[in-house]
Amino acid sequence: MDLRYKSTRNSELRMRASEAVLKGLAPDGGLFVPEKLPVLDVPMDALKDMTYQETAYAVMKQFLTDFTEEELKSCIEKAYDEKFDTEEIAPLAKVGGTYFLELFHGATIAFKDMALSILPHLMTTAAKKNHVENEIVILTATSGDTGKAALAGFADVEGTRIIVFYPKNGVSRVQELQMTTQKGSNVEVAAIHGNFDDAQSGVKAIFEDQELAKKLEEKGYQFSSANSINIGRLVPQVAYYVYAYAKLLANEEITDGEEINVAVPTGNFGNILAAYYAKQMGVPIGKLICASNENKVLYDFFGTGTYDRNRRFVLTSSPSMDILVSSNLERLIYLITGEDAGKTKELMEGLKGNGSYSITDEMASKLQDFEAGFATEEETAASIRSVYEETGYVMDPHTAVAACVCGQYRDRSADTRKCVVASTASPYKFARSVMTAIDGKYGTEEDFALLEELKRVSGVDMPQAIRDILDAKVLHTLECDAGKMRELVERLLVSDQGM
């Protein structure tokens, strides 16, 4: 079946998968969604014996139907190779009674590698398929991890340029250095004076700026996105939930058809939406546990039916979740409206104009697959400490939020299903937060001063990604106000300054 993609704000718009990957964002500001969610055509009994690469192909071929088998397998082989420090790519660690799906074994030690290792290959393949002659400019906002993973993926990829915006003082020191030391003749990194939502809104506004698009076209450029608004980011993420279930089956931790729960630390909603897509494809997932930090806009949404970003923005120890506008939620909203593009557009315009929207009772009734919870800073630290003291396993703060919320759900419900927690980053990315949680005596030391102590405590060697930045030179020092992002992009591209 040739699966087409439509915009959440215009169901009449239809594109092939490769076109949607290239566009990133629909022209009307909507997000691309498949016209129909496909189902797995390989039984779990067969999937349990597959490698990660084979599983990824079984999943992705269902979504990216205009890629040939040869093209898709080539993209997968180039993505999931020795860049990952384990052959399993996404190993499952059984810790106590919980299973941690470790998604941080890639080049930048965060879960974003799982999709951003393959997106550049999907995009360049799509460009050739669609006879694109323009240079593709990847424009990305990051709350910490997407930026480095995208930079690493697209650095020196022929026919592309990449510009990443991140919130100054809104990411960890390791995250910042990973970005500002990135090599590549086609990369630019800029800190904005604002938070992630400002960066994300600025990028979306640039995408929707037709005047700028025309100027870029004249210069031989076109925009695309590496954020999870790009369907080429979302589809590869579905694969690891399928893989996790298959490996539980292979390890005889569950029986075929037995339901599991999945807990996901959630900011922009892409990672948990991928789990929802996996469930719709036929993976026996019971509850999707949406875990928030103190920026608990999603927790409030699932509890009240009102999404309201009009609140204080909190800087936490889990900065990749410090988000008040969860872009990928729009894809779920579209589904629960009954795929009503007009209603979805109305709600999203309410969010943009008033900072809030409310769903109907009928729409809310379609959210039964989800549970939501949040962890305070104190609860997050306590989760890191208790899991370490009980098992010796060391989590990063984002993973700890999900583990904590998973525990809260177990305590308040009679649900005894096994739970997979999406472990989204190496603790080495957040050494100070992790070590302080384990023992308060480390609270005055900087991240880099604690790396050797973290190695001792965790028994895990320092990842190459950390070793690479210890003595690396800072190459990117651009800064701008949030309202000046368009001006900076125009200067870099239209005036040919930088890069």
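The model shown is predicted, which means the values in this text are computed figures rather than measured ones. Worth knowing before you read on, the calculation uses all heavy atoms, side chains too, and leaves out hydrogens, waters and symmetry mates.
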Would you say [X]'s side chain and [Y]'s backbone share a donor-acceptor pair under 3.5 angstrom?
X: Ser18; Y: Arg16; answer: no
X: Asn186; Y: Phe154; answer: yes
X: Ser117; Y: Met114; answer: no
X: Ser228; Y: Arg233; answer: no

Pair listing, side-chain hydrogen bond (donor to acceptor under 3.5 Å, both in side chains) test, anchored in residues 365-374, at least two apart: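 The answer is Lys279-Asp369, Glu371-Arg412.
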
Sequence neighbours excluded - ring-ring contact (aromatic ring centres under 6.0 Å, His included) pairs with any residue from residues 3-32: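 Counting only pairs at least two positions apart or across chains, no ring-ring contact (aromatic ring centres under 6.0 Å, His included) contact touches residues 3-32.
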
Return the set of residues passing side chain to side chain contact (heavy atoms under 4.5 Å, CB included) with [X] (not counting sequence neighbours), or none when no residue passes.
X: Thr142; value: Thr146, Val164, Tyr166, Met179
X: Gln53; value: Thr51, Ile76, Tyr80, Ile89
X: Asn310; value: Asp308, Ser356

Between [Y] and [X], is there a side-chain donor-acceptor contact under 3.5 Å, judged purely by atom types and distance?
X: Glu377; Y: Ser317; result: yes
X: Asn230; Y: Ser225; result: no
X: Asn328; Y: Asn268; result: no
X: Ser327; Y: Gln200; result: yes

Residue pair Val137, Leu216: steps toward the side-chain contact (heavy atoms from CB on, under 4.5 Å) verdict: CA-CA 10 Å; Val137 179; Leu216 289 176; 5.8 Å; no

Between the side chains of [Y] and [X], is the shortest nitrogen-to-carboxylate-oxygen separation below 4.0 Å, so that they form an ion pair?
X: Lys83; Y: Asp113; answer: no
X: Glu379; Y: Lys296; answer: no
X: Arg173; Y: Glu176; answer: yes
X: Glu35; Y: Arg4; answer: no

Atom CG of Asp156 with >12 non-hydrogen neighbours under 6.0 angstrom: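 Counting neighbours around CG of Asp156, more than 12 heavy atoms of other residues, nucleotides or ligands fall under 6.0 Å, so yes.
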
Lys23 atom NZ: more than 12 heavy-atom contacts under 6.0 Å: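 Incorrect, the count does not exceed 12.
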
Pairs touching residues 125-134 that satisfy salt bridge (charged side-chain N to carboxylate O under 4.0 Å, His left out), sequence neighbours left out: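 Output for this query lists Glu71-Lys129.
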
Considering only distance and modelled atom types, tabulate donor-acceptor pairs under 3.5 Å from the side chains of residues 473-485, sequence neighbours left out.
| residue | atom | partner | partner atom | Å |
| --- | --- | --- | --- | --- |
| His476 | NE2 | Gln182 | O | 2.9 |
| Glu479 | OE1 | His193 | NE2 | 2.8 |
| Asp481 | OD1 | His193 | ND1 | 2.7 |

side-chain contact (heavy atoms from CB on, under 4.5 Å) between Gln175 and Ser320, worked out: CA-CA 10 Å; Gln175 288 175 313; Ser320 297; 3.3 Å; yes

Within this structure, what is the [atom1]-[atom2] distance for the pair [X] and [Y], rounded to the nearest 0.5 Å?
X: Leu31; Y: Thr8; atom1: CG; atom2: OG1; answer: 4.5 Å
X: Phe63; Y: Leu37; atom1: CZ; atom2: CG; answer: 6.0 Å
X: Phe374; Y: Cys404; atom1: CZ; atom2: SG; answer: 9.5 Å
X: Ser11; Y: Lys6; atom1: OG; atom2: NZ; answer: 5.0 Å
X: Phe301; Y: Cys290; atom1: CZ; atom2: SG; answer: 9.5 Å
X: Asp198; Y: Phe165; atom1: CG; atom2: CZ; answer: 12.5 Å

Geometric class of the Tyr52/Tyr243 ring pair [parallel <30°, tilted 30-60°, perpendicular >60°]: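 The arrangement is perpendicular - the two ring planes meet at more than 60°.
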
Ring geometry between Phe302 and Phe370 (parallel below 30°, tilted from 30 to 60°, perpendicular above 60°):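 Ring orientation, 0 to 90° scale: parallel.
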
List in chain and number order the residues that pass salt bridge (Lys or Arg N to Asp or Glu O under 4.0 Å) with [X], two or more places apart in sequence or in another chain; answer none if no residue qualifies.
X: Arg331; value: none
X: Asp468; value: none
X: Lys345; value: none
X: Glu294; value: none

Ring pair (Phe, Tyr, Trp, His ring centres under 6.0 Å) against Tyr409, all qualifying residues, sequence neighbours excluded: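 Not a single residue meets the ring pair (Phe, Tyr, Trp, His ring centres under 6.0 Å) criterion with Tyr409.
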
Ala431 versus Asp447, closest heavy-atom pair with distance: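 Closest approach of Ala431 to Asp447, heavy atoms only: N-OD2, 3.3 Å.
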
Member of Lys204, Arg486, Lys214 meeting the salt bridge (charged side-chain N to carboxylate O under 4.0 Å, His left out) criterion with Asp209: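 With Asp209 as partner, salt bridge (charged side-chain N to carboxylate O under 4.0 Å, His left out) holds for just one option, Arg486.
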
